[in-house]
2 protein chains.
Amino acid sequence: MAKRPTVYDVAARAGVSIATVSFTFSQPHKVRPATREAVEEAARALGYLPSASARGLASGKTGAIGLFSFAYYARERGLQPDSQTPFGDEANEDFRMFPLYHDEVQRGVQVECWRRGYVLMVGDAKGAAGEADLAGIAGRVDGLAVFPNTVPDDVLMRISRRIPVVELSIPINNTGLHGVSVDNEGGMAELTGHLVEVHGLRDIAFVGPKGFPDKEHRFSGYAGAMVAAGLPLRTVDTAPIGHLADFAASTVAEFVAAGKLPQALVCSTDEEALAYMDALAAAGIDVPGQIAVTGFDGLVAGLVNRPSLTTVRQPLVELGRAGASILIDQVAKPGKGAVTRQLPVKLMIRESCGCQAQPGNQVR
Amino acid sequence: MAKRPTVYDVAARAGVSIATVSFTFSQPHKVRPATREAVEEAARALGYLPSASARGLASGKTGAIGLFSFAYYARERGLQPDSQTPFGDEANEDFRMFPLYHDEVQRGVQVECWRRGYVLMVGDAKGAAGEADLAGIAGRVDGLAVFPNTVPDDVLMRISRRIPVVELSIPINNTGLHGVSVDNEGGMAELTGHLVEVHGLRDIAFVGPKGFPDKEHRFSGYAGAMVAAGLPLRTVDTAPIGHLADFAASTVAEFVAAGKLPQALVCSTDEEALAYMDALAAAGIDVPGQIAVTGFDGLVAGLVNRPSLTTVRQPLVELGRAGASILIDQVAKPGKGAVTRQLPVKLMIRESCGCQAQPGNQVR
DNA sequence: GTGCGAAATCTATGCGCTTTAATCGCTGAG
DNA sequence: CTCAGCGATTAAAGCGCATAGATTTCGCAC
């Protein structure tokens, strides 16, 4: 590559000063049409491309929104950048790998950035999300969106002192960060209610990890509905996502061995639900015939699955858009407090709960 | 937001020079452990975040790969940033809108960037992809990936004089740009052969637009297979993607009116195929009973559709990865000529051609 | 205690652009 | 014919960091 031409080269060729070149691009109306054209002509002839780095340095703005995204997916599964793990086409069932939760949210962020004239910077930690990784992206954006549990809180707080930070899909909290969330509790309560009231189930177990605020809220929704119906709670531990399949298989085996198969498995995520459905199928147990299984998220994979997965659909794209929107607003006019929004969810009744698939429910 | 602390602030607090601060982050091993810790402590206390802009300016590298992505989707459909068009959750069948072709390719680019330690900059034109839009992203990356027909050739050529540019999924050509493509011709020939040999169809029409190199190659594949079988060619024009539904409906109406319904519609993309299947269903024509329909791409939407869509699956994620890989290689060691790669495709026999759905073919 | 090479640190400069303040050139009023 | 007034243009000062080259400090042998 030839040396990139700079404002100096353009200025020299056009016979003006670099300031005029700069104005030509940033404040065209302040430049006489004749000189403007001369500058543009020179720029074109030279193949001039303004350096965003220099621009950002001088102006203090980057015009970019950052998203710490893929790391979310990878870290949860223990994937390494140098691994040979298939990330798409190679996998036989890659609609189980893509698009997942964060892919849809990312799309939302991307759409909103597009609409507001920002570019999206997608950064990812190479190992545990340390500060060094984040610096690479936090240092070059005007605002940062992150998924919960991907970045240590103290690092996040530090960053938020410099640029607005929004947590995507985290319950309202007291961290002082901006945040967008969904009605986890209400959605799960409604879903549980469906199993109790429509299907008359009583022995309903909740499957989900501890320690994740959003999952805890889903549990609350489940618990509330069960208690309200006078039914006993029952919980099943879950493994890290990377080991869902093995864990689900052994759990199912235990159920069978103990002869204590619940009537329904209310999972905290679609991914868990699908893993359990696989395990149940492998064990020769019919879903929804012998046991109902439900998820939470509304991924494509649940729609493609047979039986299709009854679940609670989160407005994932909207979630991303709302997050990006908050950031961009904050960049334009920094507010004092944390901005938070909660979005509604939608119950998607499909086959895995025992209902017949409805055309209207085929959609996600 | 408080003024962001700089190397100077950190240096002052740690009692060292800014060079040492810089080294501490870039060449830690060249700094004595004691001073390194002092610097890190100061940085932590101050909430220091290195400015990527300044870094990029000084070093001449940005560590970012750019992708001109969403614009591709939007422009083809005539969507505007300020429009109220639903971009996801709102749509009843958004698996028809996401993930599409470019979404999967983008994922590939993103994965490869992650593995190679780059960040991804997703930029989008706000209107026609003019130079101004591109400058915003081309100026801040070390390499740029674009979809065909999204950026005027001359602009692309200009940019490619400064940074490596790769065209995603464009047949090998003479533009001198790097490129990745798939075996469009071979895949379509194989698919057409399937319809002829397995299903014994003779009146097979090709549906696809003119003027797009990759689509032309698909046509060649279709034509080659037909000629080889001694069958006549038949083509159907298509409308811009944004008007696919209306156009497909009127075309189907013409077929019916003229009583000349082909035995099969070989479409150049899955999106076209789905539009025609919708139109055929609306006209009360059974697929694949009365007419077979096939696509090309291997989108999720085709898998979810009933009947599921027989198609040719492109390795989209791999396509994106290959593109990013070429760019990153070129950044590291600029080569002289254009690098090109062609990837294989895979025939996915599903229901819309008249075959029974096979478990193995359910996958995409 | 000295001397020396290596390691650590610092000084100084420039990356390409934005932006403020100052200068220039022109117009029209006096 | 002069000069205030105004728009167009420019000079100059950074923005925050990397890095070559200069300088200081360190570790160690004598």
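Chain naming here is simple, since letters A, B, ... match the order of the sequence lines and numbering starts at 1 in each.
Taking 4.0 Å as the cutoff to heavy atoms of chain A, we find the contact window on DNA chain D bounded by dA8(D) to dG16(D).
Contacts of Val21(B) with the nucleic acid, taken as non-hydrogen atoms under 4.0 Å apart, are absent. Within the nucleic acid shown, Ser22(A) comes within 4.0 Å of at least one base atom, counting heavy atoms only. Residue-level contact check: Thr20(A) touches the bases, meaning some heavy atom is under 4.0 Å from a base atom.
Using a 4.0 Å cut-off between a side-chain N of Lys or Arg and a carboxylate O of Asp or Glu, Arg116(B) and Glu112(B) qualify as a salt bridge.
Contact check for Thr24(B) versus Glu40(B): side-chain heavy atoms found under the 4.5 Å cut-off. Put simply, the side chain of Tyr118(B) reaches to within 4.5 Å of the side chain of Asp142(B), judged on heavy atoms. With contacts defined as side-chain heavy-atom distances shorter than 4.5 Å, the pair Met157(A)/Asp154(A) does not qualify. Between Val39(A) and Val31(A), every side-chain heavy-atom pair lies at or beyond the 4.5 Å cut-off. Side-chain contact check for Leu120(B) versus Val122(B): some heavy-atom pair is nearer than 4.5 Å.
Here dC10(C) is the nucleotide among dC10(C), dT9(C), dT18(C) with the atom lying nearest to any side-chain atom of Val16(B). Listed nucleotides: dC10(C), dC17(C), dT19(C). Nearest to the side chain of Ala54(A): dC17(C).
Axis angle between the ends of the helix from dG1(C)-dC30(D) to dG30(C)-dC1(D), five pairs each and rounded to 10 degrees, works out to 50°.
In this structure, Ile18(B) atom CD1 and dC10(C) atom P are separated by 10 Å, rounded to whole Å. In this structure, CZ of Arg36(B) is placed 10 Å from P of dA8(C), rounded to the nearest angstrom. For Leu57(B) and dT18(C), the CG to C1' distance is 12 Å, given to the nearest whole Å.
For the pair Ser59(B) and Thr35(B), nearest-nucleotide mapping onto DNA chain C gives the more 5' position to Thr35(B). The residue among Arg32(B) and Ala58(A) whose nearest nucleotide of DNA chain C is located toward the 5' end is Arg32(B). Closest-nucleotide positions on DNA chain D for Ser53(B) and Phe23(B) were compared, and the one nearer the 5' end corresponds to Ser53(B). The nearest heavy atom of DNA chain D to Gln27(B) and to Ala19(A) marks one nucleotide each, and the one closer to the 5' end goes with Ala19(A).
Between the side chain of Tyr8(A) and the base of dC15(C) there is no donor-acceptor pair of N/O atoms closer than 3.5 Å.
Ring pair Tyr48(A)/Phe25(A): centre-to-centre distance below 6.0 Å.
At dT18(C), none of the side-chain N or O atoms of Ser26(A) fall inside 4.0 Å of OP1 or OP2 (strictly under the cut-off).
Among Leu327(B), Ile326(B), Leu156(B), the single residue meeting the side-chain contact (heavy atoms from CB on, under 4.5 Å) criterion with Val165(B) is Leu156(B).
Using cut-offs of 30° and 60° on the angle between ring planes, the pair His102(A) and Phe147(A) is perpendicular.
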